[in-house]
Structures are given as C-alpha cells and as structure tokens.
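Single-structure report; data block below.
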Amino acid sequence: KDVQKEGEPHVYLSKEEVKEKIQSYNSSVTDKLKMTLNANGIYTGFIKVQMELCRPITVQSSQSQGRCAHSNNETAFYLPDGCVNTLHISSTNTVREVIEALLKKFFVADNPAKFALYKRCHKEDQVYTCKLSDREHPLYLRLVAGPRTEMLSFVLREHETGEVMWEAFSIPELQNFLRILDKEENEQLQILKKRYAAYRDKLEEALGGVWKPG
C-alpha cells in the first residue's frame with residue numbers, strides 16, 4: 001500500500017539515547033554493517049536502497065549497460081529491476097543528499113529533483129510505502145527501526161507522473177526516451193503479429209481438415 005505523504009516528524013534523541021540505540025543496533029546486526037558514534041555526537045552507518053525506476057535514466061555512454069539508446073556522449077537506459085545499492089552515510093545527511101549520492105554512484109546525469117526516496121515498513125501485517133521529505137535523515141530512521149530491512153527499507157523512485165518536472169529533462173534525454181519507447185512499441189507489435197499469425201495458421205489448418213473432401 002502506497003501512502004503518498006511526507007514522512008513522520010523527526011523526534012530528536014539525547015546523546016545518551018543515541019548511544020544506547022547504537023549499541024542495541026550493533027548487537028543485532030548480522031551483515032557487519034554497524035554504526036559508529038563519533039565524539040561530536042554525529043554517527044555514521046550504512047543504508048541499503050532498492051532502485052525501483054520505471055523510466056530510463058541518463059548516464060555517460062562509457063558507463064551504460066543493458067537496453068539503451070545513444071545521443072552524443074550520453075546514453076538513456078533502464079536500470080535492472082531489483083538493483084540494491086549500499087551507501088555509507090552520516091546522521092547529518094538528508095534525503096536529498098542521499099539521492100544525489102546514489103545518482104553519483106550510478107553515474108546518472110539526470111537532475112536529482114526528478115527522484116524521491118521512500119521508506120517501506122510493515123505495520124499490522126501490511127506493507128506501507130511513504131515518501132520522505134527532503135529534510136529527513138535516513139540514517140536516523142534506520143537507527144530507530146533497527147537493522148532488519150523487513151521492518152524498514154528504502155526505495156528510490158521517480159516522482160509520480162503528476163509530480164514530474166518535465167522542464168528538468170534536457171532535449172537529448174526526451175529524444176532518447178522517445179527512441180526507447182518507439183523501439184519497445186515496435187518489439188511488442190512484432191510479438192503480437194507473430195502470435196496472431198501462428199493463431200491464424202492453426203485456424204486455417206483446422207478449417208482445412210474440416211472442409212477437406214471425403
């Protein structure tokens with residue numbers, strides 16, 4: 001269930017509460033991705049973000065993989081489904097900074113404003129997905145929820161269609177998107193033509209058997 005709303009208000013913890021939560025968090029970690037508390041009260045740790053992108057992203061051609069369409073030195077392509085990236089961040093990093101870091105790791109040239117970070121959590125046997133505000137701190141959410149990703153996970157998506165800032169796309173990006181859509185439309189059309197051609201052949205073969213002179 002998607003809940004299109006901003007995340008819950010940030011509840012600040014005391015230094016002692018943060019220290020206790022980090023100790024509890026680290027005692028439950030199973031993948032060695034522990035948190036570290038610094039003397040200044042800032043803590044660092046890891047978050048995993050699943051990429052759920054429906055539209056193609058734009059990267060430098062030398063970094064591209066998979067289905068793509070070229071335009072000068074840039075390439076638009078679809079990121080494989082289920083791709084998960086691990087980031088090392090601090091408690092001061094905001095959602096907007098996390099999005100920018102993710103795009104940088106994938107060499108994505110698109111404007112970060114096109115994307116949004118969501119949190120996915122389990123409540124009362126249901127899964128909820130909520131969009132986070134740019135000002136929230138993902139590592140704090142990870143700390144409070146604990147290390148279990150089934151309790152809380154992060155997802156990167158494009159903004160909803162009605163929220164897309166089309167002016168943020170460059171002309172080459174839009175042209176690449178159209179090329180990819182045209183290619184996919186042609187591929188689907190060819191698949192349908194082959195399917196109906198095979199169906200037609202079977203019908204004609206069956207009709208030939210029925211009307212074959214005795």
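- Distance check: I42 CD1 to L37 CG gives 10.0 Å after rounding to the nearest 0.5 Å.
- Side-chain atoms of L132 and Y118, non-hydrogen and from C-beta on, never get closer than 4.5 Å to each other.
- In terms of the salt bridge (charged side-chain N to carboxylate O under 4.0 Å, His left out) criterion, K34 has no residue partners (sequence neighbours excluded).
- For the residue pair V29 and L33, the shortest heavy atom distance occurs at CG1-N, 3.5 Å.
- Partners of E97 by side-chain hydrogen bond (donor to acceptor under 3.5 Å, both in side chains), not counting sequence neighbours, listed by chain and number: N93.
- Atom OH of residue Y128 and atom NZ of residue K119 lie 12.5 Å apart, to the nearest 0.5 angstrom.
- Of the possible polar contacts, none joining the R142 side chain to the K48 backbone as a donor-acceptor pair under 3.5 Å is found.
- Taking Ile, Leu, Val, Met, Phe, Trp and Tyr as members and joining any whose side-chain heavy atoms lie under 4.5 Å apart, directly or through other members, the hydrophobic cluster of L192 also contains Y196.
- Taking CD1 from I22 and CG from L13, the interatomic distance works out to 9.5 Å, rounded to the nearest 0.5 Å.
- Taking R148 as the reference, E150, M151 meet the side chain to side chain contact (heavy atoms under 4.5 Å, CB included) condition, with sequence neighbours excluded.
- Not counting sequence neighbours, the partners of T44 by the side chain to side chain contact (heavy atoms under 4.5 Å, CB included) test are T36, N38, H88, S90.
- The heavy-atom pair separating S91 from L139 by the smallest distance is N-CD2, 3.7 Å.
- With values rounded to the nearest 0.5 angstrom, H137 atom NE2 is found 13.0 Å from L143 atom CG.
- Cluster note: L203 groups with Y199 through ILVMFWY side-chain heavy atoms spaced under 4.5 Å, whether in direct contact or through intervening members.
- Taken from SG in C83 to CD in Q50, the straight-line distance is 9.0 Å, to the nearest 0.5 Å.
- Evaluation of the salt bridge (charged side-chain N to carboxylate O under 4.0 Å, His left out) rule for D201 yields no partner, not counting sequence neighbours.
- The two residues K131 and A116 have their closest heavy-atom pair at CD-CB, 3.9 Å.
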Listed pairs under 3.5 Å, donor-acceptor, residues 99-106 side chains, sequence neighbours left out:
| from | atom 1 | to | atom 2 | distance (Å) |
| --- | --- | --- | --- | --- |
| K105 | NZ | N85 | OD1 | 2.9 |
| K105 | NZ | T86 | O | 3.1 |

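- Atom SG in C130 sits 11.0 Å away from atom CZ in R120 (nearest 0.5 Å).
- Applying the side-chain hydrogen bond (donor to acceptor under 3.5 Å, both in side chains) test to pairs two or more places apart or on separate chains, none has a residue in residues 20-30.
- Residues forming a side-chain hydrogen bond (donor to acceptor under 3.5 Å, both in side chains) with E17 (at least two apart in sequence, or on another chain): S14.
- Residues near I191 contribute nothing to a hydrophobic cluster around it, because no ILVMFWY side-chain heavy atom sits closer than 4.5 Å to its side chain.
- Counting heavy atoms from C-beta on, the side chains of V98 and L156 never come closer than 4.5 Å.
- In this structure, R157 fails the cation-pi test against F115, since its NZ or CZ atom is not both closer than 6.0 Å to the six-membered ring centre and inside 45 degrees of the ring normal.
- Applying the salt bridge (Lys or Arg N to Asp or Glu O under 4.0 Å) test to every pair with at least one member in residues 35-45, sequence neighbours left out, gives no pairs at all.
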